[in-house]
Protein chains: 2
Amino acid sequence: MPSPLKERRTSGAARDGVSEFTTERLSIYLRCLAQLEAAGVTTISSAKLAERFHLNSAQIRKDLACLGELGIRGVGYRVADLRSHLAQALGVDRTRKIIIFGAGNLGIALADHRGFNIDGFEVVGLFDDDDAKHGRSTRNGIPIQPVDRLEAVIASERVEIGIIAVPAPAAQEVCDLLVDAGIAAILNFAPVQLRQREGVAVTSVDLRINLESLSFALTSVRKD
Amino acid sequence: MPSPLKERRTSGAARDGVSEFTTERLSIYLRCLAQLEAAGVTTISSAKLAERFHLNSAQIRKDLACLGELGIRGVGYRVADLRSHLAQALGVDRTRKIIIFGAGNLGIALADHRGFNIDGFEVVGLFDDDDAKHGRSTRNGIPIQPVDRLEAVIASERVEIGIIAVPAPAAQEVCDLLVDAGIAAILNFAPVQLRQREGVAVTSVDLRINLESLSFALTSVRKD
DNA sequence: GCATGTGAATGGATTCACAGCT
DNA sequence: AGCTGTGAATCCATTCACATGC
């Protein structure tokens, strides 16, 4: 039984003993290491990393220990080595393909989103049930396709990740559609709690909640 | 000293004793109550709410207790009453104005985003430093304005929330610009950790991290 | 009787502190 | 000497369980 926290944010598989919190930090470390490597840094200590993120160095060591004993006592971590291990653990050492369902403003923006089209990810399809949109393409040239092409694209391109960018009322139906078509991981932008199926990882991004959290902070910390 | 968890997600003010986790759930409850009220339900118990969200009823009661003693023992909560208290606590009983910096695909999509333009929020400005974009408008008619209009709009419209939708290298500069112009809460979509100033609430949405978390789940739960 | 509000218990994430390797 | 890896300690969120009030 997953904790409600994970229930809401990401659910499906907090793999092994690695929690969602740790996973997200691993992703942050990976980004940082890529920058360090580009800057020519060859070795880094957990204390130095901790400084950058305002994190505790023990936490970083614990997080990294999930990948095996990669550190060298008395020295630190080899940047290149650690980066490649992290990339492998996060599964971005190869390219995972993504399709997006919903070609509204958000879906189109996400299809061309830089972070979704580099270093291990690639958007290979954009779908919508509105006939009027079919045939058009995003600026980056991703064509908007009808729903009946969905299954074929997922199968032939070996798509693993589906993004839901449709209005709330349609989200559950689209989710089921994606799962039936073989999608194993879903990133949901619709403001609904999706009924999830066994073995499918689902993460929701609810922008309204983020806004209201900020608004809540504003109601108290009014500096006047 | 905030915990790293909050540090990364939302920071600035975990107001009173109310944690970020609780705040996010309050936002979810509010949405649910609006639906219940629309459906004509007048009273609801924590147990019934718990069912909907796969949450523990005690947690819901604890969360709601933050707003005062709103429940009626032996009965439950009055939907309309609770909803209005929640709306007030989250600060959406009045309209908070938003400006977006960065008129790329994402910025434009967010400007027209439904959840950002109803029930307590309104996008009143979209800014970009690219001259070529000025004068154009989003589909919903929000014009793209030059940076030198920023301060005037924030002041005259009493804008409280700023959204950063620019590439990573520009994000910190834009953040400082917004804070200097009087913005008290920031929703950041750039994949960087922003240096934050005292009294400014900052929440970051990092889509790349969400994707990599899903990818991580996929590397293990390969159903074959 | 029934459902809230809450102190106490639990569980999990973070931090401390130090043994152990280089 | 320096820094990792990790058991022990701490902190905080969640859950239990019951006294309290309708």
Side-chain angles (χ1 to χ4, degrees), chain A residues 1-11 14-26 28-29 33 41-51 53-79 81-82 85-86 213, chain B residues 1-11 14-26 28-29 41-79 81-82 85-86 213:
Chain A
M1 192 65 56
S3 87
L5 178 69
K6 285 171 206 161
E7 181 79 28
R8 212 192 57 252
R9 300 204 52 77
T10 292
S11 163
R15 174 194 180 187
D16 294 328
V18 187
S19 78
E20 180 71 16
F21 296 117
T22 297
T23 312
E24 295 194 1
R25 284 191 299 269
L26 290 179
I28 294 173
Y29 303 151
L33 286 166
V41 178
T42 58
T43 314
I44 190 136
S45 69
S46 61
K48 280 274 193 304
L49 280 171
E51 241 172 67
F53 303 122
H54 296 280
L55 283 174
N56 180 292
S57 67
Q59 175 151 81
I60 293 180
R61 291 197 298 277
K62 274 235 164 91
D63 288 343
L64 296 180
C66 295
L67 313 180
E69 295 212 2
L70 296 172
I72 303 160
R73 290 161 200 241
V75 178
Y77 299 86
R78 301 232 179 274
V79 173
D81 199 31
L82 184 55
H85 272 88
L86 261 173
S213 288
Chain B
M1 194 64 55
S3 87
L5 178 69
K6 285 169 205 162
E7 180 79 30
R8 212 192 58 251
R9 301 202 52 75
T10 292
S11 162
R15 172 195 180 187
D16 296 330
V18 188
S19 79
E20 180 71 16
F21 295 116
T22 297
T23 312
E24 294 194 0
R25 283 191 300 268
L26 290 179
I28 293 173
Y29 303 151
V41 179
T42 58
T43 314
I44 190 137
S45 69
S46 61
K48 282 270 193 303
L49 280 171
E51 243 171 67
R52 292 184 179 246
F53 302 122
H54 296 279
L55 283 174
N56 180 290
S57 67
Q59 174 152 81
I60 293 180
R61 293 197 296 279
K62 273 237 164 91
D63 288 344
L64 296 180
C66 296
L67 314 180
E69 294 212 4
L70 296 172
I72 304 161
R73 287 161 201 242
V75 178
Y77 299 86
R78 300 229 179 278
V79 174
D81 199 31
L82 185 56
H85 272 89
L86 261 174
S213 288

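Here is the naming used below: chain letters follow the sequence lines, and residue numbers restart at 1 for every chain.
- For the pair A:Ser46 and D:dC3, the criterion of a side-chain N or O lying under 4.0 Å from OP1 or OP2 is not met.
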Name each donor-acceptor pair under 3.5 Å that joins a side chain in residues 70-78 of chain A to protein atoms two or more places apart or in another chain, with its distance.
none

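- Of all the heavy atoms in B:Leu55 and B:Arg25, the pair that sits closest is CD1-CD, 3.9 Å.
- Per the geometry, NE2 belonging to A:His54 stands 17 Å off C1' belonging to C:dT15, to the nearest Å.
- One distance of note links OG1 of B:Thr23 with CD1 of B:Ile28; it measures 11.0 Å at 0.5 Å rounding.
- For A:Tyr77 and D:dG2, the shortest distance from a side-chain N or O to OP1 or OP2 is not below 4.0 Å.
- Listed nucleotides D:dA13, C:dA17, D:dG5 differ in distance to B:Phe21; the shortest reach to its side chain belongs to D:dA13.
- Regarding A:Leu82, its CG atom lies at a distance of 16 Å from the P atom of D:dC3, rounded to whole Å.
- Near DNA chain C, meaning a heavy atom under 4.0 Å from it, residues 61-74 of chain A has A:Arg61, A:Lys62, A:Arg73 in order of number.
- The separation between B:Lys48 atom NZ and C:dC2 atom P is 12 Å, rounded to whole Å.
- Between its opening and closing five pairs, the helix from C:dG1-D:dC22 to C:dT22-D:dA1 changes axis direction by 0°, a value rounded to 10 degrees.
- Distance OG1/A:Thr22 to CD1/A:Ile60: 11.5 Å, rounded to 0.5 Å.
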When the side chains of residues 42-50 of chain B are checked against the rest of the protein, which donor-acceptor pairs come out under 3.5 Å, sequence neighbours left out?
residue	atom	partner	partner atom	Å
B:Ser45	OG	B:Lys48	N	3.2
B:Ser46	OG	B:Arg61	NH1	3.0

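- Between A:Arg25 and the phosphate of C:dT14, there is a side-chain N or O to OP1/OP2 separation shorter than 4.0 Å.
- In this structure, CG of A:Asn56 is placed 12 Å from P of D:dT4, rounded to the nearest angstrom.
- Rounded to a whole Å, the CD atom of A:Gln59 is 15 Å from the C1' atom of D:dG5.
- Ring-plane geometry between A:Phe53 and A:Tyr29 is classed as tilted, the angle between the planes lying from 30 to 60 degrees on a 0 to 90 degree scale.
- In this structure, the separation between CG on A:Leu33 and NE2 on A:His85 is 12.5 Å, given to the nearest 0.5 Å.
- With rounding to whole Å, A:Ile60 atom CD1 is found 13 Å from D:dC3 atom C1'.
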